[in-house]
Peer 1: 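The structure under discussion is supplied below as structure tokens; questions concerning it will follow.
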Amino acid sequence: MEATAGKPAAVDQAARTRSVRVVLLPLMIAMLLSMLDTMIVGTAMPTIVGELGGMEHLSWVVTAYTLATAASTPIWGKLGDMYGRKGTFLAAIVIFLIGSALSGMAQDMGQLIGFRAVQGLGAGGLMVGVMAIMGELIPPRERGRYQGMITSVMALAMIGGPLVGGTITDHLGWRWSFYINLPLGAIALAVISAVLHLPHKRSRSSVDYLGAALLTVGITSIVLVTTWGGTEYAWGSATITGLIALAAAALAAFLYVETKAADPVVPPHIFRTRNFALMSVIGFLTGFVMFGAVLFLPLFQQSVQGASATNSGLLLLPMLVSMMLVSLIAGRATSSSGRYKIFPIAGSALMIAGLFLLAQMDTGTSRLTSGLSMAVLGAGTGFLMQIVMLIAQNSVGMADMGVASSSITLFRTLGSSFGVAIMGAIFNHRVQNVMAERAGNSAGLHGAQLDAASLAKLDASTRAAYQYAVSAGTHSAFLLGSAVAVIAFLAALCIKEVPLRGGAGEGAGTGRTRRTASAV
């Protein structure tokens with residue numbers, strides 16, 4: 001009887017493994033679309049402005065997309081929990097493709113900004129949808145085997161985005177930087193529609209519209225503060241302080257409403273689980289550190305080490321390759337052993353070390369030395385990027401898989417916004433002070449946004465002063481990042497190692513497995 005009972009379980013396990021492999025490719029394509037878009041469009045922006053004009057509204061092309069993505073992320077997660085992940089995910093892909101097509105057809109900057117908001121609205125559901133679907137398809141114990149693929153997609157987007165964007169713009173025109181999404185998205189849409197079968201849900205609960213509106217206002221205000229602060233408006237200006245007050249009021253009201261709502265957008269009870277709360281903190285801090293590094297490392301290598309901006313994604317190769325390999329190793333080890341607490345601890349410790357090493361860079365630092373320091377930071381983030389999501393999903397029930405995935409994604413997004421804003425403010429302040437000391441007002445420099453061509457036009461003394469200033473700014477920014485990473489390390493020490501679902505004690509016949517999908 002035991003052998004007979006075990007055989008269907010083995011067959012079910014093999015069928016589910018094939019199902020995951022079939023569905024994984026279109027899921028990765030969808031994730032790639034959401035991550036690649038901003039980097040491709042960023043490369044095409046000078047050409048877009050040259051044709052459409054509206055230079056004064058340039059920043060809104062990115063801001064509109066970012067705002068729509070961040071604000072819609074938790075909503076998509078909740079809709080997936082309420083009405084089923086497949087239909088919600090397909091809807092997100094369709095909205096993203098509609099926004100892409102409309103953006104490619106834009107005739108002026110106002111239209112482009114509006115269509116980018118539509119595109120961002122769909123993008124908010126892409127990453128969340130991928131993570132939530134994988135959370136339902138694959139038990140946490142097995143999910144580590146696939147996390148290296150997710151990290152590889154992220155690395156591919158960071159490295160290939162500028163290269164692809166430049167090639168498309170030069171040979172096909174800037175409109176194809178949006179149209180390129182259409183064939184890739186169509187493939188993902190068709191394959192997912194055909195092979196992904198998840199339980200259909202009919203929720204009798206009503207959507208928490210008030211909570212969703214308050215959360216949207218709060219997130220929008222936060223993103224605007226981190227986008228505009230120190231650039232469009234001074235940090236102490238009425239606009240920034242007003243947005244901070246609005247964000248605080250909206251989020252406070254949101255928290256109150258969620259405690260009273262029958263079916264809240266973000267259920268407060270998920271944060272009562274210690275591991276989930278800790279993963280929210282670590283996810284925020286990882287986003288803070290990683291995206292700050294992605295911003296300042298190419299700037300340092302171009303301004304101080306004389307690297308070309310043409311292949312800017314390749315400058316991050318040591319960090320990204322290290323991140324990808326370590327994530328793969330950590331995933332395999334988690335799947336085979338079921339143990340995971342060591343990885344957030346090791347990851348945050350390496351993150352502290354990597355950022356501290358990068359803070360030591362100066363005008364005499366070689367590319368080999370900076371590359372090794374980047375590899376240490378990459379190893380740290382590699383341990384953290386997917387393990388954080390894995391632990392968070394393992395901390396909640398299947399009914400909350402969508403909101404758990406969207407919450408961690410949102411915290412990481414907000415962390416990146418804060419990281420770029422705060423590290424950027426410290427960096428620019430330090431650069432300006434050092435330039436004032438070393439070159440006076442004659443330098444005519446504002447901030448630290450000089451490309452290689454502009455740098456070459458400076459006289460030798462001013463160029464040396466600027467390079468020293470960038471080194472000093474980099475030191476301050478990465479030193480702050482290292483201090484922030486200490487908080488992540490302390491949070492990692494507090495993780496409670498709860499057994500991962502889908503382990504040896506959970507056979508294929510358990511309720512958990514019966515609810516997984518099949519593609520056959």
Side-chain angles (χ1 to χ4, degrees), residues 67-89 91-92 95 117 120-129 131-133 135-136 198-225 243-281 283-284 388-389 391-415 417 515:
L67 280 175
T69 301
S72 65
T73 293
I75 311 300
W76 283 114
K78 184 61 179 178
L79 291 175
D81 286 340
M82 292 176 64
Y83 301 113
R85 306 197 201 290
K86 179 179 177 179
T88 305
F89 186 55
I95 293 173
L121 187 64
L126 296 184
M127 182 71 77
V128 174
M131 294 299 181
I133 289 172
E136 188 158 338
L198 292 172
H200 182 69
K201 299 178 182 178
R202 288 184 178 273
S203 176
R204 295 181 180 179
S205 304
S206 59
V207 178
D208 179 17
Y209 292 107
L210 179 58
L214 289 170
L215 182 60
T216 299
V217 171
I219 293 173
T220 299
S221 300
I222 290 173
V223 173
L224 287 177
V225 166
L243 284 170
I244 292 174
L246 178 61
L251 293 178
F254 169 74
L255 292 176
Y256 175 78
V257 168
E258 294 304 274
T259 61
K260 305 297 182 182
D263 196 10
V265 176
V266 181
H269 69 82
I270 64 175
F271 292 97
R272 298 190 192 111
T273 304
R274 181 169 74 180
N275 277 3
F276 185 85
L278 290 171
M279 291 309 100
S280 299
V281 172
F284 178 90
V388 166
M389 182 66 75
I391 297 174
Q393 291 180 336
N394 191 60
S395 303
V396 302
M398 287 300 298
D400 293 322
M401 188 66 68
V403 293
S405 303
S406 64
S407 296
I408 296 300
T409 303
L410 176 62
F411 279 114
R412 189 175 291 164
T413 300
L414 293 178
S417 296
R515 290 194 293 180

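Side-chain atoms are counted along with the backbone in the values below, which use heavy atoms only and exclude waters and symmetry mates.
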Peer 1: Short question: side chain of Trp76, backbone of Leu121 - any donor-acceptor pair under 3.5 Å?
Peer 2: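 Yes; judged by distance alone, with no hydrogens or angles, the pair exists.
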Peer 1: Quick one, Phe89 and Leu126 - any side-chain contact, counting heavy atoms below 4.5 Å?
Peer 2: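 The answer is yes, as the side chains (C-beta and beyond) meet within the 4.5 Å cut-off.
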Peer 1: Could you report the tightest heavy-atom contact between Gln393 and Met131, atom names first, then the distance?
Peer 2: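 In this case the closest contact between Gln393 and Met131 is NE2-O, 2.9 Å.
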Peer 1: If I take atom CG from residue Leu251 and atom CD1 from residue Ile222, how far apart are they, to the nearest 0.5 angstrom?
Peer 2: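 Rounded to the nearest 0.5 Å, the CG-CD1 separation comes out at 5.0 Å.
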Peer 1: Without placing hydrogens or testing angles, list every side-chain donor-acceptor pair under 3.5 Å for residues 407-415, not counting sequence neighbours.
Peer 2:
| from | atom 1 | to | atom 2 | distance (Å) |
| --- | --- | --- | --- | --- |
| Ser407 | OG | Val403 | O | 2.6 |
| Thr409 | OG1 | Ser405 | O | 2.8 |
| Arg412 | NH2 | Met385 | O | 2.8 |
| Thr413 | OG1 | Thr409 | O | 2.9 |

Peer 1: I need the minimum non-hydrogen distance between Ala70 and Val223, along with the two atoms involved.
Peer 2: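 Ala70 and Val223 have their closest heavy atoms at CB-CG2, 4.1 Å.
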Peer 1: When you compare the side chain of Pro267 with that of Val396, does any pair of heavy atoms fall below 4.5 Å?
Peer 2: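 A side-chain contact under 4.5 Å is absent here.
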Peer 1: Between Gly122 and Ile95, what is the shortest heavy-atom contact and its length?
Peer 2: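 Closest pair (atom of Gly122, atom of Ile95, distance): N-CG2, 3.7 Å.
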Peer 1: Any pair with a residue in residues 67-79 that passes salt bridge (charged side-chain N to carboxylate O under 4.0 Å, His left out), sequence neighbours left out, goes on the list, sorted by first then second residue, please.
Peer 2: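 Qualifying pairs: Lys78-Asp263.
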Peer 1: Nearest 0.5 Å please: distance from the CG atom of Asp81 over to the OG atom of Ser406.
Peer 2: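 So the gap between those two atoms works out to 7.5 Å.
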Peer 1: Which pair of heavy atoms, one from Gly120 and one from Ser72, lies closest together, and at what distance?
Peer 2: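 Closest heavy-atom pair between Gly120 and Ser72: O-OG, 4.0 Å.
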Peer 1: Which pairs pass side-chain hydrogen bond (donor to acceptor under 3.5 Å, both in side chains) with one or both residues in residues 209-221, sequence neighbours excluded?
Peer 2: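 Every candidate side-chain hydrogen bond (donor to acceptor under 3.5 Å, both in side chains) pair involving residues 209-221 fails, so no pair, neighbours aside, qualifies.
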Peer 1: Taking all non-hydrogen atoms of both residues, which atom of Ala132 and which atom of Gly402 are closest, and how far apart?
Peer 2: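 The answer is CB-CA, 4.1 Å.
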Peer 1: Roughly how far, to the nearest 0.5 Å, is CZ of Phe271 from OG of Ser395?
Peer 2: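 The distance works out to 11.5 Å.
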Peer 1: Scan for side-chain hydrogen bond (donor to acceptor under 3.5 Å, both in side chains) pairs involving residues 268-280, sequence neighbours excluded, and state none if there are none.
Peer 2: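 The answer is His269-Asp400.
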Peer 1: Using a 3.5 Å cut-off and no angle test, enumerate the donor-acceptor pairs between side-chain atoms of residues 252-262 and protein atoms at least two apart in sequence or in another chain.
Peer 2:
| from | atom 1 | to | atom 2 | distance (Å) |
| --- | --- | --- | --- | --- |
| Glu258 | OE1 | Val265 | N | 2.8 |
| Glu258 | OE1 | Val266 | N | 3.0 |
| Thr259 | OG1 | Tyr256 | O | 2.5 |

